[in-house]
Amino acid sequence: MYSDRSIEVTDLTVAYRDKPVLWDIDLNVPSGLLMAIVGPNGAGKTTLIKAMLGLVRAAAGQTLIYGKPYAEQRRLVGYVPQRGSVDWDFPSSVLDVVMMGRYGALGWIRRPGRRERELAFAALDKVKMRDFADRQISQLSGGQQQRVFLARALVQDAQIYFMDEPFQGVDATTERAIVTLLQELRAAGKTVIVVHHDLQTVPEYFDWVTLLNVRKIASGPVNDVFTEENLRLAYGGRVSFLSRANGSAPETLAS
Amino acid sequence: MLAPQLEIQLIASVIAAACALPGVFLVLRRMAMMSDAISHTVLLGIVIGFFLTRDLGSPLLFIGAALTGVLTVSLVELINRTRLVKEDAAIGLVFPVLFSIAVILISRYAGNVHLDVDAVLVGELAFAPFDRFVVFGYDIAPRALVIGVIILLLNLMFITLFYKELKLATFDVGLAASLGFAPAAIHYGLMFVVSVTAVGAFDAVGSILVVALMIAPPAAAYLLTNRLSHMIALSVGIGVISAVGGYWIAHWIDASIAGSMATMTGICFGVVFLFAPERGLVALARRHNRQRWDFAQQMLATHLLHHEGTPVADAESRIEHLTRHMRWAPAFAAQVVRRAISRGLIYQQGDMLALTEYGRRFASEAILR
């Protein structure tokens, strides 16, 4: 079903002094699917993404993107950081921020021009934010900020997308828009890795899932590995999420 | 040769513009205090450079002093990284030490050269026109002006070339790093530019004015615009206005030129802080006031809507009810009613209030919001 491997992580360990944040992670992600990374707070989900992108230093291990180190494959990778990681009072318009996604392709010194504007407008269309192009970014709601970030990733025209909690604190409309977008990306053969919090929606939104709690608990097709037992292993047995059928349980109670 | 008066204003304006350019990024990166540290510690570099070269005009001395600025930044970061000291405290620890070493060196070994501690703080702008830059016997301009123009051009080049990179690394370090833009290099590049600017401006205007010119104009411009490019242009404008305005204040009240200019940057910021069209204090107060009355009218309209057509409508729609049950002060209640009537939300029959059609819609929207 899945052809080549998009991401191959071997023996990845990230530590803060002698405290491991990620412990010997091995991960193989086939290309062309949507993968969720789930796990309790402090499980190292964000760190895993950052380590794969070389944003935090690994104590051991490596990440290969289509068989080569990340530094050689930057152009194939799009990154959507957590919305809260930037200062939204920065003096900039929506269009400006979206065009930042093209900076990597432009390289040093070259300035964005007409082509970049067109690409940015097209991406804003996809996330239904075209009317906001001239808006100052501080005037956006949380959901709109997230869509701007997604549009910025779209203009990168990458093969693999890393998204850090894109569903965090967004309204229902935005959540649906993001899901549609993810499906479109998959249909176009892209691989999307999403740090995700809401266990309920994992089977509905994703094909593949990695359960993480400092160590990798399991990784594979949702149907095979998204099991009660694995969830219990990841969340330390304090999971109120039991049956997918009843759908009444909220997220998790894990602390 | 221009009149000294004009030359002083020209020097100050050029330096103000040169300071505002990197200042914008310091303010946006929340590193304003770093300009304070750098503008003081470069003195150590100047002193040591002077002992080595014996020439205050040597380019080597210039580079050395600028590197002291960069050293300051890395020392602060080194101390901060231990997590034993917070960043603001680290700045407060590093710069007095380096600065005071420079002061000791000057007072002990350089007593009879052109380096004195007073000049460090406020510069010698008044005498700047007398120190000429002469090439092959031709008097070109005051030395401070030549240095100022060179630094302004360097800063302009830096900001123009790396505009995109500075913008990205300032707004989103994570994305900058993931795209391969080496945010650390951009950071240190900016710190080097700040240091060079501080060294160059130092001799003419002193460290206090360097800080004032780097921080106050960008902080004011930040309140006036939503675009980075406009913010840069406005910062330069406000810096130049402060420089020229400060000169004339000094002229009229016969006071320190650099001191008056620094004061003027504060006054400019204060005016913007109060009267900026959207984000100034006055505009904010106006908006809050409007929101307060708006909301009171929404409460009134919603209240009337809730009870419209109910058996208690009569009792609930009386004006006195507003003061008794809604606990509004009589004057406030009267004011709200007056405003709501003049806006066409409600009308009054005797001492009863009723919604107009517009008022009904207004209330329904208020509930949905």
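Quick note on labels: first sequence line is chain A, next is B, and so on, each numbered from 1.
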Does a sphere of radius 6.0 Å around [atom1] in [X] hold more than 12 heavy atoms from other residues, nucleotides or ligands, not counting ones at 6.0 Å or beyond?
| X | atom1 | result |
| --- | --- | --- |
| A:R117 | CZ | no |
| B:E278 | CD | no |
| B:R286 | CZ | no |
| B:F273 | CZ | no |

Which atoms of [X] approach chain B - backbone, side chain, both or neither, heavy atom under 4.5 Å:
| X | answer |
| --- | --- |
| A:R75 | neither |
| A:V77 | neither |
| A:L55 | side chain |
| A:Y70 | side chain |

For [X], which atoms come within 4.5 Å of any heavy atom of chain A: side chain, backbone, both, or neither?
| X | result |
| --- | --- |
| B:I186 | side chain |
| B:F162 | side chain |
| B:S229 | neither |

Exercise for review: Please list, chain by chain and in numerical order, all residues satisfying ring pair (Phe, Tyr, Trp, His ring centres under 6.0 Å) with A:F90, sequence neighbours excluded.
Suggested key: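 With neighbours one apart ignored, the set is B:F171.
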
Review point. Ring pair (Phe, Tyr, Trp, His ring centres under 6.0 Å) with A:F149: which residues, sequence neighbours excluded?
Key: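 Checked A:F149 against ring pair (Phe, Tyr, Trp, His ring centres under 6.0 Å); matches are A:W88.
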
Practice item. Indicate yes or no for a side-chain donor-acceptor contact from B:K164 to the backbone of A:G107 under 3.5 Å, with no hydrogens or angles considered. Key: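 Indeed, once roles are kept as given, a pair shorter than 3.5 Å links the two residues.
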
Exercise for review: Output the option from B:S178, B:A176, B:G180, B:G174 having the highest count of non-hydrogen pairs under 4.5 Å with chain A.
Suggested key: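 Going by pairs under 4.5 Å, I would pick B:S178.
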
**Study point:** Contact winner vs chain A - B:V173, B:L161, B:L28, B:L175, heavy-atom pairs under 4.5 Å
**Key:**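 Highest number of pairs under 4.5 Å: B:L175.
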
Review point. Among A:S93, A:G78, A:P81, which residue forms the greatest number of heavy-atom pairs with chain B at distances under 4.5 Å?
Key: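 Among A:S93, A:G78, A:P81, the one with the most close pairs to chain B is A:S93.
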
Supply the atom-to-atom distance [X] [atom1] to [Y] [atom2], rounded to the nearest 0.5 angstrom.
| X | Y | atom1 | atom2 | result |
| --- | --- | --- | --- | --- |
| A:R110 | B:E165 | CZ | CD | 11.5 Å |
| A:S92 | B:L228 | OG | CG | 7.0 Å |
| A:R102 | B:L179 | CZ | CG | 10.5 Å |
| B:F181 | A:M100 | CZ | CE | 11.0 Å |

Practice item. With chain A as the partner chain, list the residues of residues 149-157 of chain B whose heavy atoms fall under 4.5 Å from it, by residue number, and write 'none' if nothing qualifies. Key: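 Those residues of residues 149-157 of chain B which would need a heavy atom under 4.5 Å from chain A do not exist here.
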
Review point. Hey, is B:R227 close enough to A:D96 for a salt bridge, meaning N to O under 4.0 Å?
Key: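 No, this pair does not count.
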
Check your understanding: Are any of the side-chain heavy atoms of B:K167 and A:V97 separated by less than 4.5 Å?
Key ->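 With C-beta onward as the side chain, the pair stays apart.
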
Check your understanding: Does any non-hydrogen side-chain atom of B:D172 lie less than 4.5 Å from one of A:R152?
Key ->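 Side chain of A:R152 against side chain of B:D172, heavy atoms only: contact under 4.5 Å found.
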
Check your understanding: Among pairs that include at least one residue of residues 22-37 of chain B, which meet salt bridge (charged side-chain N to carboxylate O under 4.0 Å, His left out), considering only residues two or more places apart or in two chains?
Key ->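 Sorted pair list: A:D87-B:R30.
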
